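Reviewing the structure listed below.
We name chains A, B, ... by the order of the sequence lines, and we start the count at 1 in each one. Quick caveat: nothing in here was measured; it's all calculated off a predicted structure.
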Protein chains: 2
Amino acid sequence: MASIKDVAAQAGVSVATVSRVLNSHPSVSPDARGRVLAAVEVLGYRPNAVARSLRTDQTRTLGLVISDVLNPYFTALARSVEEEARGRGYSVIIGNADERPEQQDHHVRTLLDRRIDGLLLSPADGDSPLLTDVARSGTPMVFVDRWVPGLDVPVVRADGHRAVQDLVAHLHALGHRRLAIIAGPAATTTGNERVEAFRDAMRAHGLALPDAYIGQGDFQADSGRRVTEQFLALPEPPEIVFAADNLMALGALDAVRARGLRVPEDIGIAAFDDIPWFVHTAPPITAVAQPTGDLGRAAVRALIDIVEGRAPQSVALPARLVVRSSCGEDTATPRSTA
Amino acid sequence: MASIKDVAAQAGVSVATVSRVLNSHPSVSPDARGRVLAAVEVLGYRPNAVARSLRTDQTRTLGLVISDVLNPYFTALARSVEEEARGRGYSVIIGNADERPEQQDHHVRTLLDRRIDGLLLSPADGDSPLLTDVARSGTPMVFVDRWVPGLDVPVVRADGHRAVQDLVAHLHALGHRRLAIIAGPAATTTGNERVEAFRDAMRAHGLALPDAYIGQGDFQADSGRRVTEQFLALPEPPEIVFAADNLMALGALDAVRARGLRVPEDIGIAAFDDIPWFVHTAPPITAVAQPTGDLGRAAVRALIDIVEGRAPQSVALPARLVVRSSCGEDTATPRSTA
DNA sequence: ATCAACCGTGTAATCGATTCCACGCCCCGA
DNA sequence: TCGGGGCGTGGAATCGATTACACGGTTGAT
């Protein structure tokens with residue numbers, strides 16, 4: 001592969017001049033520029049990003065560590081992150097933690113070894129001293145979706161309070177009173193936050209949320225299945241199961257089916273995270289939709305702000321309720337007042 | 001961030017010795033080794049992968065360019081690729097082409113600029129002279145799932161012939177005769193191959209496959225919707241629509257629903273690619289399942305073979321039919337012969 | 001006419017690693 | 001006693017870029 005020296009030789013100039021042409025430095029004569037450009041063309045020269053990074057101490061690359069690639073929410077996030085970054089001249093390297101702290105740490109370390117300019121992270125459950133070190137070391141860093149409390153790192157996330165309140169209001173209006181929730185891992189902030197929002201909304205509607213109606217999940221389908229089975233085995237099972245993410249909702253759906261029960265007639269299901277597939281399940285699932293694309297874009301902007309020395313901003317974007325039929329139809333209560 | 005010089009100073013040895021310790025070169029005294037290791041510990045030193053790559057001319061990184069991150073088939077593939085690569089000491093950088101040749105080329109170029117050791121690619125529709133150049137230039141490269149005919153590049157893919165034959169047999173047994181297919185883009189090999197397999201199977205069962213029953217899709221949900229609408233508008237619409245990938249099947253499902261028709265009573269749907277969600281759709285979808293994990297792993301092995309100078313092998317792994325209820329129940333024909 | 005400013009260019013240092021080569025030392029055999 | 005052969009070590013070249021600095025040649029102001 002041709003190097004800058006080959007180009008310089010071919011064009012009859014020094015490597016410095018070649019470099020200047022390539023970086024559109026002003027003081028190069030049109031003649032030299034032309035010869036260099038021609039040489040580049042002839043040789044099919046492409047600058048070696050590795051060498052360039054070593055010298056300039058910047059890679060124009062962002063790292064993104066997500067909790068689970070198989071979760072459509074995170075792939076949607078990854079896509080918008082990559083898009084926004086590309087638009088701003090950065091590349092993105094994605095690491096998949098699979099909800100395992102060791103694997104998360106592996107990726108964080110590898111990314112740091114590659115001297116990425118900044119790190120976008122949705123921390124997995126379980127603590128990671130590494131993360132604390134990295135945050136303190138001054139590496140540009142932004143949390144997306146989830147975060148680690150106590151670290152001075154900007155967070156870009158969805159605020160589900162309002163949407164969860166809308167959800168509970170919707171369920172209440174449909175006549176449901178016994179609502180249960182499948183929570184995320186206690187150590188993830190989103191896990192807690194969603195439970196809190198739900199608890200608040202329940203209280204506001206004068207509904208009780210007994211401990212038996214709070215199941216511990218881990219954001220994976222299996223845990224949704226397991227918790228739902230426990231709910232169904234209760235002397236007084238809930239009328240609605242609200243899963244804190246889309247995968248657990250899927251597990252819940254499975255468990256209900258396996259019992260030979262129907263949704264929503266026998267039991268209703270709702271989910272945090274809206275994904276394209278929820279339109280096609282039987283029945284279509286009522287969900288709290290996060291503005292995933294906006295989150296990804298905002299996160300990249302915040303991160304690049306840090307990288308380029310500007311003041312970053314934490315962002316919380318509102319989520320919104322998308323009503324479908326998995327908790328019962330509400331066509332019986334028309335809203336029009338004509 | 002500490003460099004090898006800092007470690008050398010701290011340990012009171014030269015950088016050469018530090019390097020030798022780090023690369024477990026034999027001729028280093030236990031004493032020196034101990035001091036270096038201690039210094040590494042104290043400084044929290046991590047070797048700069050950029051510098052190392054520049055010197056050694058290898059990055060221990062593989063590039064993976066997939067056609068669409070939002071397609072669960074490709075995320076599953078990406079996951080297994082990353083896993084296998086990690087197990088062998090390589091990292092993976094993923095690029096998402098979004099089925100757009102220019103974006104694919106952008107990623108290929110960026111990956112090459114970063115001097116990845118090898119490239120795993122599932123080429124998008126449309127031709128790309130760049131790909132031909134890269135293949136000819138001797139860059140280690142392997143195609144997964146799709147490929148570009150005429151290039152001397154190993155291909156790792158699923159062979160769907162048998163499974164598609166099983167599918168047609170299954171449909172035939174259920175009494176269906178008018179079967180239609182939503183093809184992928186003509187220029188993608190998988191697109192053609194799946195149509196050919198289908199055509200062969202139809203012929204084997206003495207069934208006609210009129211042109212009107214072959215729709216042109218592009219592997220995206222929208223095209224599935226559009227083509228299905230055309231099928232439904234036919235004087236004699238098909239009894240079954242077979243989509244050449246999972247996204248188009250979803251679009252087909254949408255189109256059928258939008259018409260107020262039921263699946264499978266009014267029209268059946270089947271898909272190439274099996275994904276976890278197909279269990280949860282209404283109704284669960286009959287599909288041809290690719291051994292995605294095995295494909296990813298085999299692809300990485302083939303690529304690393306090239307990178308490390310061994311002879312690579314093209315691989316075709318058999319796909320298999322997974323019968324669900326989207327084409328009609330076949331519980332009426334028990335297989336047991338007890 | 002003189003000098004400063006400026007322009008285009010090249011030389012060389014530099015980034016952080018790896019690795020070839022040489023050097024000093026010790027041990028062993030002749 | 002002397003020489004050859006490891007062994008452990010350090011010096012320095014090298015990878016491919018960027019960039020500070022120096023240099024020669026114009027140009028314009030005084």
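Legend: residues meeting side chain to side chain contact (heavy atoms under 4.5 Å, CB included) with B:A11, ordered by chain and number and at least two apart, are B:V13, B:R35, B:V36, B:A39. Not counting sequence neighbours, A:R136 has no partner by the salt bridge (Lys or Arg N to Asp or Glu O under 4.0 Å) test. With sequence neighbours excluded, the residues that form a side-chain hydrogen bond (donor to acceptor under 3.5 Å, both in side chains) with A:S19 are A:N23. With sequence neighbours excluded, no residue forms a side chain to side chain contact (heavy atoms under 4.5 Å, CB included) with B:A9. Take A:T61 and apply the side chain to side chain contact (heavy atoms under 4.5 Å, CB included) test, not counting sequence neighbours, and it matches A:T59, A:S91, A:I93, A:I116, B:R114. Shown here are the salt bridge (Lys or Arg N to Asp or Glu O under 4.0 Å) partners of A:R46, two or more places apart in sequence or in another chain: B:D113. Scanning for salt bridge (Lys or Arg N to Asp or Glu O under 4.0 Å) contacts around A:D98 gives B:R79, with sequence neighbours left out. Partners of A:D152 by salt bridge (Lys or Arg N to Asp or Glu O under 4.0 Å), not counting sequence neighbours: none found.
Nucleotide D:dT19 holds its P atom 13 Å from the CG atom of A:L54, rounded to whole Å. Taking atom OH of B:Y45 as the reference point, atom P of C:dG16 lies 10 Å away to the nearest angstrom. The interatomic distance linking A:R115 (CZ) with C:dA17 (P) rounds to 7 Å, in whole Å. The CD atom of B:Q58 sits 17 Å away from the P atom of D:dC15 (whole-angstrom rounding). Rounded to an integer number of Å, the gap from A:I4 CD1 to D:dG16 C1' is 7 Å. Summarising the geometry, the separation between CG on B:D6 and P on C:dC15 is reported as 11 Å, rounded to the nearest angstrom. Distance CG (A:N48) to P (C:dC15): 18 Å, rounded to an integer number of Å.
The side-chain heavy atoms of A:N96 and A:F74, taken from C-beta on, include no pair separated by under 4.5 Å.
For residues 294-309 of chain A, every residue pair satisfying the side chain to side chain donor-acceptor pair (under 3.5 Å) rule, not counting sequence neighbours, is listed here: A:Y90-A:E308, A:D294-A:R297, A:D305-A:R310, A:E308-A:R310.
Near DNA chain D, defined here as any heavy-atom distance below 4.0 Å, the residues from residues 23-41 of chain A are A:N23, listed numerically.
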Check: Under a cut-off of 3.5 Å for both distances of each Watson-Crick or G-U pair, what dot-bracket string does DNA chain C give, using [ ] for crossing pairs and | for inter-strand pairs?
Finding: ||||||||||||||||||||||||||||||
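Side-chain atoms of A:T189 never come within 3.5 Å of backbone atoms of A:P149 as a donor-acceptor pair (strictly under, hydrogens ignored).
Nucleic acid contact for A:S19: base, since at least one base atom lies under 4.0 Å from a heavy atom of the residue.
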Please produce a list of atom pairs where a protein N or O lies less than 3.5 Å from an N or O of nucleotides 10-13 of chain C.
unit_1: C:dG10; atom_1: OP2; unit_2: A:S14; atom_2: N; d: 2.9
unit_1: C:dG10; atom_1: OP2; unit_2: A:S14; atom_2: OG; d: 3.0
unit_1: C:dG10; atom_1: OP2; unit_2: A:T17; atom_2: OG1; d: 2.7
unit_1: C:dG10; atom_1: N7; unit_2: A:R20; atom_2: NH2; d: 2.8
unit_1: C:dG10; atom_1: O6; unit_2: A:R20; atom_2: NH1; d: 3.3

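For C:dA17, neither phosphate oxygen OP1 nor OP2 lies less than 4.0 angstrom from any side-chain nitrogen or oxygen of B:K5.
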